[in-house]
Amino acid sequence: TIQLFSSLENQTPHLQDLIVKSNTLEQFNRCKGIVISLNYLPCEYENVTTMTPTLKTPTISTKLTFPDALITTSAPSVLHISLEGIEYNSKKAKTFELIVSARTAVSEQIKDCISIGSADKARTEIRSIVILKNSMPRFGDTLRLVLSKPFERAAHLYFVLKHCSKRSGSKEVAHAFCRLIRADGTSLSDGIHTIPLLKPISQQLTESGAYLAANAKLAPQKGSIKIRVSLCSSELVQNANLYSLIHWKELKSNLSLVLSRFNVVEQVEIIQFLPTILDALFQISIQKNDPVPA
(Lines give C-alpha, C1' and ligand atoms only; values in the text may rest on other atoms or scores of the structure.)
Protein backbone atom coordinates (compact mmCIF):
# COMPACT_ATOMS: atom_id res chain seq x y z
CA THR A 1 0.00 0.00 0.00
CA ILE A 2 1.45 3.37 -1.07
CA GLN A 3 0.62 6.31 1.18
CA LEU A 4 -0.60 9.50 -0.52
CA PHE A 5 0.85 12.95 0.23
CA SER A 6 -0.18 16.45 -0.86
CA SER A 7 1.81 19.60 -1.56
CA LEU A 8 1.21 23.25 -2.45
CA GLU A 9 0.82 24.24 -6.10
CA ASN A 10 3.96 26.38 -6.10
CA GLN A 11 5.97 23.36 -4.92
CA THR A 12 5.12 21.27 -8.01
CA PRO A 13 8.34 22.14 -9.98
CA HIS A 14 10.39 20.88 -7.01
CA LEU A 15 8.21 17.86 -6.30
CA GLN A 16 10.99 15.37 -6.98
CA ASP A 17 13.24 16.94 -4.34
CA LEU A 18 10.35 17.13 -1.88
CA ILE A 19 9.63 13.43 -2.30
CA VAL A 20 13.25 12.57 -1.54
CA LYS A 21 13.36 14.82 1.52
CA SER A 22 9.73 13.97 2.49
CA ASN A 23 9.82 16.48 5.32
CA THR A 24 7.62 19.20 3.80
CA LEU A 25 4.85 16.98 2.39
CA GLU A 26 1.59 16.55 4.26
CA GLN A 27 -0.12 13.20 4.57
CA PHE A 28 -3.39 12.99 2.62
CA ASN A 29 -5.74 11.84 5.38
CA ARG A 30 -8.85 11.48 3.22
CA CYS A 31 -7.40 8.42 1.50
CA LYS A 32 -5.59 5.49 3.13
CA GLY A 33 -3.44 4.88 0.08
CA ILE A 34 -3.21 3.09 -3.26
CA VAL A 35 -2.86 -0.69 -3.32
CA ILE A 36 -0.67 -1.92 -6.19
CA SER A 37 0.99 -5.15 -7.28
CA LEU A 38 4.35 -5.21 -9.08
CA ASN A 39 5.73 -7.74 -11.55
CA TYR A 40 9.29 -7.79 -12.88
CA LEU A 41 9.35 -8.46 -16.64
CA PRO A 42 12.91 -9.09 -17.91
CA CYS A 43 12.39 -7.97 -21.52
CA GLU A 44 11.92 -4.89 -23.70
CA TYR A 45 8.80 -2.75 -23.36
CA GLU A 46 7.77 -3.45 -26.99
CA ASN A 47 7.79 -7.19 -26.31
CA VAL A 48 5.74 -6.77 -23.15
CA THR A 49 3.02 -4.73 -24.90
CA THR A 50 2.93 -7.26 -27.74
CA MET A 51 2.30 -10.11 -25.32
CA THR A 52 -0.08 -8.06 -23.15
CA PRO A 53 -1.97 -5.47 -25.28
CA THR A 54 -3.89 -4.19 -22.23
CA LEU A 55 -0.71 -2.47 -21.00
CA LYS A 56 -0.81 -0.07 -23.97
CA THR A 57 -3.90 1.71 -22.69
CA PRO A 58 -4.85 2.54 -19.09
CA THR A 59 -7.65 0.61 -17.43
CA ILE A 60 -10.53 2.72 -16.13
CA SER A 61 -11.97 1.48 -12.83
CA THR A 62 -15.58 2.24 -11.93
CA LYS A 63 -16.15 4.78 -9.18
CA LEU A 64 -19.27 6.17 -7.58
CA THR A 65 -18.77 9.81 -6.66
CA PHE A 66 -21.29 12.63 -6.69
CA PRO A 67 -21.41 13.18 -10.49
CA ASP A 68 -21.39 9.46 -11.35
CA ALA A 69 -23.99 8.43 -8.79
CA LEU A 70 -26.68 10.58 -10.36
CA ILE A 71 -26.45 8.81 -13.70
CA THR A 72 -28.23 5.47 -14.00
CA THR A 73 -25.98 2.98 -15.76
CA SER A 74 -26.09 -0.63 -16.84
CA ALA A 75 -22.52 -1.23 -15.70
CA PRO A 76 -22.04 -4.52 -13.83
CA SER A 77 -21.40 -4.63 -10.11
CA VAL A 78 -17.72 -4.73 -9.13
CA LEU A 79 -16.52 -6.26 -5.88
CA HIS A 80 -12.93 -5.68 -4.75
CA ILE A 81 -11.70 -8.48 -2.48
CA SER A 82 -8.40 -8.23 -0.60
CA LEU A 83 -7.04 -11.53 0.69
CA GLU A 84 -5.90 -10.55 4.17
CA GLY A 85 -4.68 -14.02 5.11
CA ILE A 86 -5.40 -17.47 6.54
CA GLU A 87 -5.34 -18.81 10.07
CA TYR A 88 -4.96 -22.58 10.06
CA ASN A 89 -4.47 -24.44 13.33
CA SER A 90 -1.68 -26.91 12.77
CA LYS A 91 1.17 -28.18 14.92
CA LYS A 92 3.55 -28.12 11.96
CA ALA A 93 4.03 -25.27 9.52
CA LYS A 94 2.50 -26.08 6.14
CA THR A 95 2.72 -24.73 2.61
CA PHE A 96 -0.65 -23.45 1.40
CA GLU A 97 -2.22 -22.36 -1.87
CA LEU A 98 -5.62 -20.63 -1.93
CA ILE A 99 -7.96 -20.91 -4.94
CA VAL A 100 -10.77 -18.36 -5.24
CA SER A 101 -13.73 -18.50 -7.63
CA ALA A 102 -17.29 -17.20 -7.94
CA ARG A 103 -20.15 -19.69 -8.24
CA THR A 104 -23.87 -19.60 -8.92
CA ALA A 105 -26.66 -20.89 -6.68
CA VAL A 106 -26.22 -24.37 -8.22
CA SER A 107 -22.44 -24.26 -7.66
CA GLU A 108 -21.48 -23.67 -11.29
CA GLN A 109 -18.32 -21.61 -11.70
CA ILE A 110 -18.93 -18.21 -13.29
CA LYS A 111 -16.48 -17.98 -16.17
CA ASP A 112 -14.12 -15.06 -16.80
CA CYS A 113 -15.37 -12.84 -13.98
CA ILE A 114 -12.43 -12.51 -11.57
CA SER A 115 -8.99 -10.97 -11.97
CA ILE A 116 -6.05 -9.68 -9.96
CA GLY A 117 -6.47 -5.91 -10.04
CA SER A 118 -8.01 -3.97 -12.94
CA ALA A 119 -5.57 -4.58 -15.78
CA ASP A 120 -5.30 -8.36 -15.39
CA LYS A 121 -7.19 -10.66 -17.77
CA ALA A 122 -10.44 -12.02 -16.32
CA ARG A 123 -10.30 -15.68 -15.32
CA THR A 124 -12.61 -18.34 -13.92
CA GLU A 125 -10.51 -18.81 -10.77
CA ILE A 126 -7.54 -17.17 -9.10
CA ARG A 127 -4.66 -19.06 -7.51
CA SER A 128 -2.70 -17.28 -4.80
CA ILE A 129 1.04 -17.30 -4.43
CA VAL A 130 2.42 -20.32 -2.54
CA ILE A 131 4.11 -19.35 0.73
CA LEU A 132 6.47 -22.02 2.02
CA LYS A 133 5.83 -23.50 5.47
CA ASN A 134 3.60 -20.83 6.92
CA SER A 135 0.34 -21.83 8.62
CA MET A 136 -0.77 -18.18 8.82
CA PRO A 137 0.10 -16.75 5.38
CA ARG A 138 -0.66 -13.13 4.49
CA PHE A 139 -1.23 -12.83 0.74
CA GLY A 140 -2.15 -9.16 0.24
CA ASP A 141 -3.64 -9.75 -3.24
CA THR A 142 -6.61 -7.59 -4.27
CA LEU A 143 -9.05 -9.37 -6.58
CA ARG A 144 -11.63 -7.71 -8.82
CA LEU A 145 -14.89 -9.59 -9.21
CA VAL A 146 -17.22 -8.35 -11.97
CA LEU A 147 -20.79 -9.63 -11.77
CA SER A 148 -23.22 -9.10 -14.62
CA LYS A 149 -26.96 -8.68 -13.99
CA PRO A 150 -27.95 -12.40 -14.07
CA PHE A 151 -25.39 -13.32 -11.38
CA GLU A 152 -25.53 -10.30 -9.07
CA ARG A 153 -27.97 -11.74 -6.54
CA ALA A 154 -27.15 -15.44 -6.89
CA ALA A 155 -23.35 -15.55 -6.74
CA HIS A 156 -21.13 -16.53 -3.84
CA LEU A 157 -17.39 -16.76 -3.29
CA TYR A 158 -15.89 -20.24 -3.02
CA PHE A 159 -12.46 -20.93 -1.52
CA VAL A 160 -10.34 -24.07 -1.78
CA LEU A 161 -7.31 -24.36 0.51
CA LYS A 162 -4.61 -26.76 -0.68
CA HIS A 163 -1.57 -28.12 1.13
CA CYS A 164 1.38 -28.32 -1.30
CA SER A 165 4.17 -30.84 -0.90
CA LYS A 166 7.03 -31.99 -3.13
CA ARG A 167 6.43 -35.61 -2.19
CA SER A 168 2.65 -35.95 -2.40
CA GLY A 169 1.77 -32.95 -4.59
CA SER A 170 -1.19 -30.77 -3.64
CA LYS A 171 -4.10 -31.91 -1.48
CA GLU A 172 -7.31 -30.11 -0.55
CA VAL A 173 -7.42 -29.63 3.22
CA ALA A 174 -10.29 -27.17 3.63
CA HIS A 175 -13.10 -25.38 1.79
CA ALA A 176 -15.02 -22.20 2.56
CA PHE A 177 -17.71 -20.09 0.98
CA CYS A 178 -19.19 -16.65 1.50
CA ARG A 179 -22.58 -15.45 0.24
CA LEU A 180 -22.58 -12.08 -1.47
CA ILE A 181 -26.26 -11.51 -0.68
CA ARG A 182 -27.56 -11.86 2.88
CA ALA A 183 -30.88 -13.31 3.98
CA ASP A 184 -32.46 -9.84 4.25
CA GLY A 185 -31.57 -9.03 0.63
CA THR A 186 -28.65 -6.67 1.32
CA SER A 187 -25.21 -7.31 -0.12
CA LEU A 188 -22.00 -8.04 1.74
CA SER A 189 -20.92 -4.95 3.68
CA ASP A 190 -17.61 -3.16 3.14
CA GLY A 191 -14.85 -4.07 5.57
CA ILE A 192 -13.12 -7.16 6.94
CA HIS A 193 -14.98 -10.48 7.04
CA THR A 194 -13.85 -13.70 8.71
CA ILE A 195 -14.95 -16.84 6.86
CA PRO A 196 -14.77 -20.11 8.83
CA LEU A 197 -13.00 -23.02 7.20
CA LEU A 198 -14.81 -26.30 6.53
CA LYS A 199 -13.49 -29.78 5.95
CA PRO A 200 -13.41 -30.57 2.21
CA ILE A 201 -17.00 -30.68 0.93
CA SER A 202 -17.93 -33.89 -0.87
CA GLN A 203 -18.14 -33.86 -4.65
CA GLN A 204 -21.85 -34.74 -4.50
CA LEU A 205 -22.68 -31.66 -2.41
CA THR A 206 -20.39 -29.46 -4.48
CA GLU A 207 -21.85 -30.47 -7.85
CA SER A 208 -25.46 -30.02 -6.70
CA GLY A 209 -24.90 -26.87 -4.64
CA ALA A 210 -26.59 -28.55 -1.65
CA TYR A 211 -23.92 -27.15 0.69
CA LEU A 212 -25.66 -23.78 0.41
CA ALA A 213 -28.82 -25.13 2.06
CA ALA A 214 -29.45 -24.04 5.65
CA ASN A 215 -29.74 -27.66 6.84
CA ALA A 216 -26.58 -28.87 5.05
CA LYS A 217 -24.37 -30.95 7.33
CA LEU A 218 -20.90 -29.47 6.94
CA ALA A 219 -17.96 -30.42 9.15
CA PRO A 220 -16.10 -27.39 10.55
CA GLN A 221 -12.33 -27.10 10.28
CA LYS A 222 -10.18 -25.21 12.77
CA GLY A 223 -9.17 -21.99 11.07
CA SER A 224 -10.53 -19.13 9.00
CA ILE A 225 -9.96 -16.90 5.96
CA LYS A 226 -9.93 -13.13 6.32
CA ILE A 227 -10.95 -10.93 3.41
CA ARG A 228 -11.54 -7.21 3.01
CA VAL A 229 -14.45 -6.24 0.77
CA SER A 230 -15.26 -3.03 -1.11
CA LEU A 231 -18.35 -2.90 -3.34
CA CYS A 232 -18.95 -0.57 -6.29
CA SER A 233 -22.49 -0.98 -7.60
CA SER A 234 -25.54 1.02 -8.58
CA GLU A 235 -27.79 -2.04 -8.07
CA LEU A 236 -26.69 -3.89 -4.93
CA VAL A 237 -27.61 -2.21 -1.63
CA GLN A 238 -25.64 -2.74 1.61
CA ASN A 239 -27.91 -0.78 3.97
CA ALA A 240 -30.96 -2.71 5.26
CA ASN A 241 -33.02 0.46 5.84
CA LEU A 242 -32.36 1.66 2.30
CA TYR A 243 -33.11 -1.77 0.86
CA SER A 244 -36.50 -1.90 2.61
CA LEU A 245 -37.42 1.46 1.05
CA ILE A 246 -36.37 0.54 -2.48
CA HIS A 247 -38.11 -2.85 -2.33
CA TRP A 248 -41.13 -1.83 -0.23
CA LYS A 249 -43.59 -3.39 -2.68
CA GLU A 250 -42.01 -6.84 -2.74
CA LEU A 251 -41.42 -6.86 1.03
CA LYS A 252 -44.95 -5.54 1.77
CA SER A 253 -43.51 -3.60 4.68
CA ASN A 254 -45.17 -1.08 6.97
CA LEU A 255 -44.65 2.21 5.13
CA SER A 256 -44.53 4.32 8.30
CA LEU A 257 -41.73 2.14 9.67
CA VAL A 258 -39.89 2.11 6.33
CA LEU A 259 -39.93 5.92 6.07
CA SER A 260 -38.86 6.42 9.68
CA ARG A 261 -35.87 4.10 9.20
CA PHE A 262 -34.95 5.90 5.98
CA ASN A 263 -34.22 9.04 8.04
CA VAL A 264 -31.04 7.45 9.46
CA VAL A 265 -29.56 6.51 6.07
CA GLU A 266 -26.29 8.35 5.34
CA GLN A 267 -26.20 11.06 2.69
CA VAL A 268 -23.56 9.29 0.58
CA GLU A 269 -25.78 6.23 0.19
CA ILE A 270 -28.79 8.40 -0.67
CA ILE A 271 -26.86 10.18 -3.43
CA GLN A 272 -25.52 6.88 -4.76
CA PHE A 273 -29.05 5.48 -5.27
CA LEU A 274 -30.86 8.81 -5.72
CA PRO A 275 -32.85 7.97 -8.91
CA THR A 276 -34.08 4.68 -7.44
CA ILE A 277 -34.95 6.31 -4.12
CA LEU A 278 -36.93 9.10 -5.83
CA ASP A 279 -38.88 6.51 -7.82
CA ALA A 280 -39.73 4.60 -4.63
CA LEU A 281 -40.78 7.76 -2.76
CA PHE A 282 -42.96 8.85 -5.68
CA GLN A 283 -44.71 5.47 -5.74
CA ILE A 284 -45.25 5.63 -1.98
CA SER A 285 -46.68 9.14 -2.24
CA ILE A 286 -49.43 7.97 -4.61
CA GLN A 287 -50.20 4.92 -2.49
CA LYS A 288 -53.54 5.64 -0.80
CA ASN A 289 -53.28 3.30 2.18
CA ASP A 290 -50.59 1.31 3.93
CA PRO A 291 -50.91 -2.25 2.47
CA VAL A 292 -49.78 -3.91 5.68
CA PRO A 293 -50.99 -2.44 8.99
CA ALA A 294 -48.58 -2.06 11.89
Side-chain angles (χ1 to χ4, degrees), residues 37 78-117 120-147 151 154-182 187-188 192-230:
S37 59
V78 178
L79 189 71
H80 297 277
I81 309 153
S82 298
L83 302 179
E84 295 291 318
I86 297 173
E87 292 184 3
Y88 187 85
N89 295 334
S90 175
K91 295 181 179 179
K92 295 182 179 180
K94 294 186 176 184
T95 302
F96 288 125
E97 179 187 30
L98 184 64
I99 302 174
V100 187
S101 62
R103 299 191 178 190
T104 64
V106 292
S107 193
E108 293 181 357
Q109 284 189 331
I110 303 175
K111 296 182 179 180
D112 301 333
C113 67
I114 192 169
S115 60
I116 301 178
D120 188 33
K121 182 180 179 181
R123 315 173 199 176
T124 303
E125 63 180 24
I126 295 293
R127 293 176 177 265
S128 71
I129 59 174
V130 178
I131 301 178
L132 296 176
K133 295 186 177 181
N134 188 344
S135 297
M136 300 178 65
R138 298 291 181 264
F139 299 110
D141 294 331
T142 298
L143 312 181
R144 185 173 185 263
L145 175 63
V146 180
L147 295 174
F151 302 115
H156 64 278
L157 295 174
Y158 197 87
F159 303 88
V160 177
L161 185 63
K162 287 188 174 184
H163 172 233
C164 303
S165 173
K166 291 183 179 179
R167 295 181 180 179
S168 57
S170 61
K171 178 184 177 182
E172 296 182 6
V173 295
H175 289 185
F177 64 90
C178 177
R179 302 175 188 271
L180 299 183
I181 302 297
R182 297 170 174 172
S187 62
L188 198 65
I192 296 179
H193 297 269
T194 301
I195 307 169
L197 290 176
L198 304 168
K199 291 184 178 179
I201 302 173
S202 65
Q203 186 176 358
Q204 182 180 1
L205 291 177
T206 305
E207 291 179 351
S208 63
Y211 61 88
L212 292 170
N215 58 352
K217 296 181 179 179
L218 305 174
Q221 179 76 283
K222 292 183 178 180
S224 62
I225 300 173
K226 280 190 176 182
I227 62 173
R228 183 185 296 273
V229 170
S230 178

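Predicted, not measured: the structure shown is a model, and the values here were computed from it. Just so it is clear, the values below take in all heavy atoms, side chains as well, and ignore hydrogens, waters and symmetry mates.
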Less than 4.5 Å apart, side chain to side chain, heavy atoms only: is that true for [X] and [Y]?
{"X": "Ile110", "Y": "Leu147", "result": "yes"}
{"X": "Leu145", "Y": "Val78", "result": "no"}
{"X": "Leu205", "Y": "Leu218", "result": "yes"}
{"X": "Ile116", "Y": "Leu143", "result": "yes"}
{"X": "Thr124", "Y": "Asp112", "result": "yes"}

Return the minimal non-hydrogen interatomic distance between Ala122 and Cys113, and the atom names on each side.
-> CB-N, 4.2 Å
Heavy atoms of Pro200 and Ala174 approach each other most closely as CG-N, 4.0 Å
Once rounded to the nearest 0.5 Å, what's the spacing between atom [atom1] of [X] and atom [atom2] of [Y]?
{"X": "Ile129", "Y": "Asp141", "atom1": "CD1", "atom2": "CG", "answer": "6.0 Å"}
{"X": "Leu83", "Y": "Thr142", "atom1": "CG", "atom2": "OG1", "answer": "7.5 Å"}
{"X": "Leu98", "Y": "Ile227", "atom1": "CG", "atom2": "CD1", "answer": "10.0 Å"}
{"X": "Ser202", "Y": "Glu207", "atom1": "OG", "atom2": "CD", "answer": "9.0 Å"}
{"X": "Ser224", "Y": "Leu198", "atom1": "OG", "atom2": "CG", "answer": "11.5 Å"}
{"X": "Arg127", "Y": "Ser101", "atom1": "CZ", "atom2": "OG", "answer": "10.5 Å"}

Can you list, pair by pair, the side-chain donor-acceptor contacts under 3.5 Å of residues 157-165, counting residues two or more places apart and other chains?
{"residue": "Tyr158", "atom": "OH", "partner": "His175", "partner atom": "ND1", "Å": "2.8"}
{"residue": "Ser165", "atom": "OG", "partner": "Arg167", "partner atom": "N", "Å": "3.3"}

Can you sort out the partners of His193 under ring pair (Phe, Tyr, Trp, His ring centres under 6.0 Å), two or more places apart, ordered by chain and number?
-> none
What pairs with His156 under ring pair (Phe, Tyr, Trp, His ring centres under 6.0 Å), at least two apart in sequence or on another chain?
->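 Partners of His156 by the ring pair (Phe, Tyr, Trp, His ring centres under 6.0 Å) criterion, ordered by chain and then number, come out as Tyr211.
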Under the 3.5 angstrom rule, does the side chain of Ser107 hit a backbone N or O of Thr206 as a donor-acceptor pair?
-> yes
So, Arg138 side chain and Ile86 main chain: donor-acceptor pair closer than 3.5 Å or not?
-> yes
Go through the steps to decide whether Lys121 and Ser115 satisfy the test side chain to side chain contact (heavy atoms under 4.5 Å, CB included), and finish with yes or no.
-> CA-CA 6 Å; Lys121 182 180 179 181; Ser115 60; over 6 Å; no
Look at Arg123 together with Glu125 and state whether they make a salt bridge at an N to O cut-off of under 4.0 Å.
-> no
